[in-house]
Amino acid sequence: MSEEVAEFTAPQLLTTQIVDSAAEAIEAVQAADVLDLGVRVYNRLVPDSEDGESLDEEWVIEVYSNAPAVDPDEDED
């Protein structure tokens with residue numbers, strides 16, 4: 001095991017935001033980039049609050065203290 005791996009500390013979750021549109025999610029990602037923060041973005045379907053029978057899409061943005069380290073030599077499965 002290399003020293004670099006031993007010294008790595010996992011990023012800490014700073015905040016979670018939920019927005020209604022991809023455009024708002026992009027703005028949040030750009031702001032995190034300016035601040036050199038890590039982000040995780042995903043979307044999900046939730047029941048519509050008005051009728052409960054249809055689904056609405058929402059975007060979840062998790063902001064971390066730093067971006068996770070990625071080994072460029074590691075093969076993805």
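Predicted model only: the values in this text are computed from it and were never measured.
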CG on Leu45 to OG on Ser54, rounded to 0.5 Å: 10.5 Å
Thr15 side chain to Val63 backbone, donor-acceptor under 3.5 Å: no
Once rounded to the nearest 0.5 Å, what's the spacing between atom CZ of Arg40 and atom CG of Leu13? 10.0 Å
So, the side chain of Asp33 versus the backbone of Asp36: is there a donor-acceptor pair under 3.5 Å, distance only? no
CA sep, side-chain torsions, deciding dist, call: Glu58, Arg44, salt bridge (Lys or Arg N to Asp or Glu O under 4.0 Å): CA-CA 6 Å; Glu58 65 182 19; Arg44 62 186 179 191; 2.6 Å; yes
Taking atom CG of Leu55 and atom CG of Asp48, what is their separation to the nearest 0.5 Å? 8.5 Å
Rounded to the nearest 0.5 Å, how far does CG of Asn43 lie from CG of Asp20? 12.5 Å
Please determine whether residues Tyr42 and Ile18 belong to a single hydrophobic cluster, defined as Ile, Leu, Val, Met, Phe, Trp and Tyr linked transitively by side-chain heavy-atom distances below 4.5 Å. yes
Test applied, side chain to side chain contact (heavy atoms under 4.5 Å, CB included); reference residue, Val41; option that passes from Ile26, Ile61, Val19, Val60: Ile61
Measuring from Leu35:CG to Gln30:CD, what's the distance to the nearest 0.5 Å? 12.0 Å
Tightest non-hydrogen contact, residues Ala25 and Trp59, listed as CB-CB, 4.0 Å
